[in-house]
Amino acid sequence: MRNGAQPVLEVTNLKTIFRTRGGEVHAVNSVSFDLKPGELLGVVGESGSGKSVTMMSLIGLLPSPPAEVRDGRVMFDGLDLLKCTPAQLRAVRGPGVGFIFQDPMTSLNPVFTVGYQLREPLMKHMGMTKAQAQVRAQELLELVGIPDAGRRLKDFPHQFSGGMRQRVMIAIALACDPKVLIADEPTTALDVTIQAQILELVKDLRQKLGMAIVWITHDLGVIAGIADRIMVMYGGQIVEHGTVKEVFAKPRHPYTRALLQTVPSVRGERAEKLNVIEGQPPILRAAPTACPFRDRCTLRFAACDAANPARYAVGPGHDAACFWDFDTDAPRREVTETADV
Amino acid sequence: ERGADGELKIIQSQAASTMNQYLSSGTKDINASSMVSEPLASYKPDGTLMARLAAEIPTLENGGVSADGKTITWKLLPGVKWSDGTDFTADDVVFTGQYCMDPAGGCAQLSKFEGIEKIEAVDPLTVKITFLKPKTNPYSAFVGALAPILQKAQFEKCLGANASSCTEANFKPIGTGPFMVTDFKTNDVAVFEANPHYRDPAKPAFARATLKGGNDAMSTARAVMETAEYDYGWNTQIEPEVQAQMIAAGKGKFVTAYGGLVERLELNMTDPSSALPEGERSTVKHPHPIFSDIRVRQALSMAIDRSLLVEIGYGEAARPTCNLVPAPEMFASDNTGCLTQDVEGAKKLLDEAGWTDTDGDGIRDKDGKKLSLVFQTSVNPIRQNFQAMIKQWWNDVGIEVELKQIDPSVFFGGDAGSPDTFQKFYADVQMFANEWDGTDPQAYLAQLTCEKAPKPEDQWQGENIPRFCNPDYDALIKEMLTTADAGARAEQIKKLNDMVTKDAMVTVPLANRARFSAVSNTLLGVEMNAWDSEYWNVADWSRAK
Amino acid sequence: MTDTTAAKIRPPRNQWWDVWDQFKTHKGALVGLTIFVAILGLILIGPLVWHIDPTYVDFRARNKGFSLAHPLGTDQLGRDLLARMMAGGKVSISVGLTAMSLSIFLGATIGVLAGYFKRLDGHLMRLTDLFLALPLLPLLLLMVTLFRDPLSKGFGPEGGIFLLIVTAIGATSWMQTARIVRGEVLALKEREFVLAARSIGTPAHRLVLRHILPNVMSPIMVSATLGIASAIITESALSFLGLGFPPDFPTWGRLLFDAVDQIQLYPWRVILPGIAISLTVLSVNYIGDGLRDALDPRIRGR
Amino acid sequence: MFDGGKRPLVEVEGLKMYFPITAGLFRAKVGDVKAVDDVTFTIFEGETLGLVGESGCGKSTCGRAVLRLYEPTAGSVLIDGEDVLAAPPGELRALRPKMQMVFQDPQASLNPRMTVAGIIGEPLDEHTTLNRAQKLARIYELMDKVGLNRDFANRYPHEFSGGQRQRIGIARALALNPRFIVCDEPIAALDVSIQAQVVNLLEELQDSLGLTYLFISHDLSMVRHIADRVAVMYLGRIVELASRDALYEAPLHPYTQALLSAVPEPDPNAETTRQRIILKGDVPSPANPPKGCNFCTRCPKVMDLCRRVEPEYREVAPGHFTACHLHNQTAGQTAA
Amino acid sequence: MFQYTMRRLLIAIPTLLIISLVIFLLLEAAPGDPLGEVPLTVPPEVKAKMRSALGLDAAWYVRYFLWLKQMFWIEPMHLIDTLFGTHLADDMQRVISFQSRQPVMDIIAQRMPQTLIVVGSAYVIGVLIAVPIGILSAYRQYSWFDNLGTFISMIGFSVPTFFTGVVLIVIFAVKLQWFPMVYDTTLQVTDWDSFTKQLRQMVMPVTVLSLFNAAQISRFMRSSMLDNLGQDYVRTARAKGLTERVVVLIHVLRNSLIPVVTVIALGVPSIFGGAIITEQVFKVNGLGQQLILAIHANDLPMVMTLTFIFAVLIVLFNLIADLLYGILDPRIRYD
Ligand SMILES: Nc1ncnc2c1ncn2[C@@H]1O[C@H](COP(=O)(O)OP(=O)(O)OP(=O)(O)O)[C@@H](O)[C@H]1O
Ligand SMILES: Nc1ncnc2c1ncn2[C@@H]1O[C@H](COP(=O)(O)OP(=O)(O)OP(=O)(O)O)[C@@H](O)[C@H]1O
Ligand SMILES: [Mg+2]
Ligand SMILES: [Mg+2]
């Protein structure tokens, strides 16, 4: 049913670089994906793979300089966000796209009350008066499960625990009923028990509000629990993408496979020895001309050094950027063919 | 017409700290209070006396001074009123004497009342002063800006130990002068209004006056000569070139008056060596090892180009001199021998004295001892320029000089505990300026007698700074004490002057410094006076129309 | 893979080289350093080339403008201004450097002690507060009047007053550094590498020297560069109040102060020392900026 | 498994670490942060004891107090029979080589201004009298052991990746041939793909050098992998301690149960069916712990008793300790 | 908060006592004599009498305790007397200046207005200039504006005020004759005319001082802004769709002001200390000049009282700065 719907967010060929003293850093390379209404898209990948930069590029939240969005198209609501005026962009932030950031400790302004920070977007985008915003802010806090919300609106962020601050962040992101919610590692800094609370909350909210969500995380377990589709990033690119069930059952990129194998489990079999992805993530000094994973890949062969693999379809709604065909356990035919030419 | 010319604005390079002269010897304060308080008689610019609150100057001829010189009787001007409207009477004069002579009062002008046996009011308009001994110069008490009359009614409670705590009276004394104080901020500003009871109904021309304290000569001069914010600037001693620049601005002029102020070098006749035990340094026990030879002293003087010093240091504000007593005219010796520099002569004299450069390092030596001097003075830009120049000249004749500068409050502070006072003179040469009060330099010259050499026993409080000692000189001073004849006195003064300068060269006069102030072009009636307050005739000042 | 075994083992490299590498990339700092070195060169090497004695009075050459014999002209006594500027610079910069070193030494020592040893903290901070609350000027004045003589006896008039001024400025300006350093040390003390060193059994003094001090270098360096500037300026202010060096002893502050009266006649006499002071202060500040960046491993790491 | 056969290396008895809270006009002490409150456990030679719990529950404090990096309020710690807490400073220094620590944040635990050689060599400087060459040889040996290229000896910490940095920290800890290492969340700051490298290294080293670990972590799955026995801490106390399998398969304490159920599983099928125990509310402050059982404010199985009486920490099954009223009867029975 | 304040105040008492003792002993140890200005003609016996009239013949600790008593007991009572017309301190000896023999507090009260007006308004103006400059140069870091600002503030920092003061005088008082060069302390502002006059005479000293102040404070402001611009919460604010103005001027500024406000508070005592050099240059004759005069004249009670008041202010404003920090920053709790 979801497949048929028109995507709310469509990203094509996004490229973002940073200009640093040491030269350019190609943090995001030709990233394309889409997001359907009411869907939860999980994004995983190791640290530095470009997850955050990708999402922040979408609505121009990267500091510029040093960041620069080189190329691409981000269609949201019939609008190309990359070509918007700052004012148009501001109108999208909040009501269009809500953002939850990774670190709940620093993402709230320490000198304003939670109520103030919640009212701000309400008054700006929803045209509410202060009194109306106050009422709505209280509702929002209640929605994210903060007890005694009316009183706590007067509190400052430091008076909240980490989990509660993250809920406040969620409430702020939800304030203007965004069509898309981008959650950038919202539970990484939290304890498992608190993380479980937040995950429950999000599941709950999704049912109630039906927004589309992008959920960034390191933790494959989290994704497995809540996402519909998953996108694996590596070296600034999407290396695999598909429905959660597909990808977890049949990972079609060596990185995804390795990732799934490195993680020990609390329940299943206890491995005697953990699998390791040897080596370091690539340094993104230039636009990639070869597979970014090749240095750490156990299946590396000549083609990997020659070109950067495209995203090959490997199943229904499932694609992977790898020259290796896991079904046949041999290099892809496309590669061998082009190699002949 | 009184009050027609608005406000008179005076700026002084130092602010007044009190309006009561008897509690301060600073010229800044004396100037300020002379606008309000008046003496019986004061000095005119030429040094002669003029009656002020007295009806006339008492003399032998008019019987005011007794033939034995033991009394002087002042007749007061009738009809004079204090600024509060009460009458000025002989009682006030008697009270003022009592006030200053009170031993507990710490009167700064006590010397003016020296030798007085009693002061009595013969009648409301007559005051008679009786001296203990006959006085050759009886015009001391109540004469000059230093010794004005205080109002008895106001100061009655301020006798003795209470003197200094009577702030209200000290800051706003009631006077007979052209102005009266309306506001006084110590060390900042004094505001005056014309005295409604001033004896001349047409004066003063100004309705108000402000006396502001600047903090330096430069800005004082600038406020009059360049920005014309002020009408009169007291003590604008600045560099000659800047003087010229300011004159060129065309807003005012500098006025000068030469008194007895002489910038001079004093040569230590005793040994200041720090090798000596404390208490014997710079005392007559040890004669100076170098300066005991007069040829060295003369050579030092000959090496100096006084005109150049004045040209660079003072410009219009001083003139070269060879005298310790350069003014008034009648006392000034015709001593001009030092005015031309004679470097060769100086070298020759030093050679003769046995100081020769044996080791070729450019510094003369004798018996293995270098001709090396310590030259100290107070911190003051002009003095430092002088030091640099004199050092250069002395270097040129083969003398090594070490310069030393001491904070003026320490140098002149008289603190027996400090090694840096000019009285202790822990140096070979020092430079400062000095003058005397009034016109008669007798007491001033008497400071150079042998027994006045500063010594530790009396806390170094002697005035014979160079520790000069010549029995003939002391004898002449004694003789002078009994000489009444003006002509003879003048001769004696000249002789004494020559004995310390030309003959002995213990005091090396450099320049006779003038009082130097700035006057705006719009201010009329200013007549510079070196013997009294510069504002002595402020009642006559007026605004150019 | 990442190992490049072929490469020979790099020779041990002093970390100051890394600092320098980073420093080189800071344009302002490089310009500042060049200027500062040029000034130092002028002051130190200049007198070897330019032989005129700064106190030599030349009556024939009074108030001269720029000429070959006197490139910067002469003053009212015919003293060569170039020579005086060089001599003055030597004093001003030595005052700046020495006073700064003293104040940094005091500040760093007290800051480190207070930050590291909890027992001393209260007392040392009280002492710092006390010094902060002591009015500076009377203190300086008193020090000058009290100690000028004994010191002049021991070290000569110039040496004595130099020591005095340097000590006076140093002893009254360390408090800010102490506070900053203390704060840094307090934070640093909680860092895990300090704990790691303690778990090894490193005794306190070595811990301070090896782990704490090198890591508070950046704030110290910044205070140091600011310290040089303010010491030079304080010296000139002291000259203004008549408390500084003997009046015939050239320093930049004194030259500036002496020439202020003639600003309309000979503006360059004011401007030259003014520029010298400003240039020094500016260049030192930019050097400080660069050093701060260069000493910060996070920045250097990029 | 690890029954009585093994020799206890570390014996912690009644360890308390209180941080005073001061207030009022004269900074009087008004209370304590009971960061570690009466903790007792034993670690046997060659084993790994996992210590898990939520942030702020006192894991790090406990680890540090054991090594006497803090001065504990009460209790005793015997390491290899020697009382660490009672040792005077000189002796303590001599004991240091025996016990070492690996820290949570590899970035923060390395002095940014020292080279790798300097960092690894520091313990050698402090405790040995090796000459330069010997020292360098030892440093290289250690670097080889932890899998660092010898070329890196002159580099600075910032030039390394997180995993490599943690290796440096481990090499430093190994320098003096310790018997016992406290690993305070050695992998928490590392990326998933690198965590495994470090954990593997630690395991290898344990095998080859016979090390004993106290492995502090909040990552239950990693602890399951590396630890032989596991202790669960909550608010300054150990609520449950058991062998790994016993704890993961049959947790007794409600908190342990909740903790385990909250860990998400990277398996979408399992995730959809799994039943979570969601704890309500936040951890109370250790400065003001609740009366009775510490966990009573969040416990899904809370009883009246829990709010009044503090449960006793006791052995409810062989080698399985817990502090919960639910298991008191059983404990009583076994004891009887 | 209250307890914290009380504790700080309690600690301040011994600190201040020690400071007063230190100052007193230093002044005692310094050479120089309050009678140094008394002419040499005054005989030693009289001098001795004057000395004892000043209380100088008592032992130092007696005089110290006398000063303490006068300062903390008599002067406050006198204040009550003047405020409420009571007669508590009628026959008691107040702290008297050696120099002018006037009660020290009266002189201070007399000079306070000009110091406060000139130095105070310079401070306020300096702050008002500095804050926007700091904000802008941080927001546009490394722009030409920032570089220029840095450059100018360094110049402002490195050029002594006696130089800037004289330059201003030469240009605006001598050449252009726009402003007077001598400050008139007797001017009473009663009407528009005298008001403009007051303004005119304030322009130059205030400019000199505020430039100097602005140079320093703008540096603080800039670095504080820079610190905060990089914080995560700024990104959050932007993600809410707020305008840059709101983000910078409300979210960032509010946080950046916290350290700056305390720096500003710490600078306030220097207003009372007066700007010694600037006061000299423009003849403002305020407290700074009074201090210098008193030091030169060995006026012990005056120096003592002035420096002590200054110390009290420093301690007080240190406390105020800390409390302000606590008020502005909700994270800080003093208890
Ligand atoms: N301001 C910046 N300047 C230079 N490079 C940057 C900057 N911000 C990010 N990068 C680079 O961009 C790349 C992607 O970073 P990003 O933050 O998107 O990673 P991530 O996948 O979100 O990692 P994490 O899981 O740690 O949040 C990294 O290599 C990083 O070094
Ligand atoms: N020096 C200290 N002073 C006061 N309280 C402290 C101190 N150190 C730790 N605490 C408190 O003790 C408690 C336990 O802290 P600890 O660091 O041991 O927790 P942890 O379990 O290691 O948490 P994390 O997983 O976040 O590292 C916390 O509440 C902490 O606030
Ligand atoms: Mg990220
Ligand atoms: Mg911890």
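A note on names: the letters A, B, ... follow the listed sequences, proteins ahead of strands, and every chain is numbered from 1.
For F151(E), the CZ atom counts as loosely surrounded, since its 6.0 Å shell holds 12 or fewer non-hydrogen atoms of other residues, nucleotides or ligands. Crowding of F220(E) atom CZ: a count of heavy atoms from other residues, nucleotides or ligands under 6.0 Å not exceeding 12. Annotation: F72(E), atom CZ; neighbour count of heavy atoms from other residues, nucleotides and ligands within 6.0 Å is above 12.
Heavy-atom pairs under 4.5 Å with chain E were tallied for P121(A), P178(A), C176(A); the largest tally goes to P121(A). Ranked by heavy-atom pairs under 4.5 Å with chain A, the first of R235(E), Q231(E), R254(E) is R235(E).
Of all the heavy atoms in P330(E) and P110(A), the pair that sits closest is CG-O, 3.1 Å. Taking all atoms of both residues into account, the shortest heavy-atom contact from H125(A) to K240(E) is NE2-O, 2.7 Å.
At distances below 3.5 Å, not a single donor-acceptor pair connects side-chain atoms of K124(A) with backbone N or O atoms of T243(E). Judged by distance alone, with hydrogens and angles left aside, the side-chain atoms of R93(A) form a donor-acceptor pair with the main-chain N or O of R238(E) at under 3.5 Å. With T236(E) contributing its side chain and S107(A) its backbone, the two residues share a donor-acceptor pair below 3.5 Å.
Looking at L328(E), only its backbone comes within 4.5 Å of chain A, counting heavy atoms on both sides. Only the side chain of V246(E) comes within contact range of chain A, with at least one heavy atom under 4.5 Å from a heavy atom of that chain. Only the backbone of L108(A) comes within contact range of chain E, with heavy atoms under 4.5 Å apart.
For the pair F112(A)/H251(E), a side-chain contact is recorded, criterion being any heavy-atom separation below 4.5 Å from C-beta on.
The distance from the CG atom of L242(E) to the CE atom of M123(A) is 11.0 Å, given to the nearest 0.5 Å.
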Between D232(E) and Q102(A), is a side-chain contact (heavy atoms from CB on, under 4.5 Å) present by the stated rule, with each step listed? CA-CA 9 Å; D232(E) 284 352; Q102(A) 172 166 6; over 6 Å; no
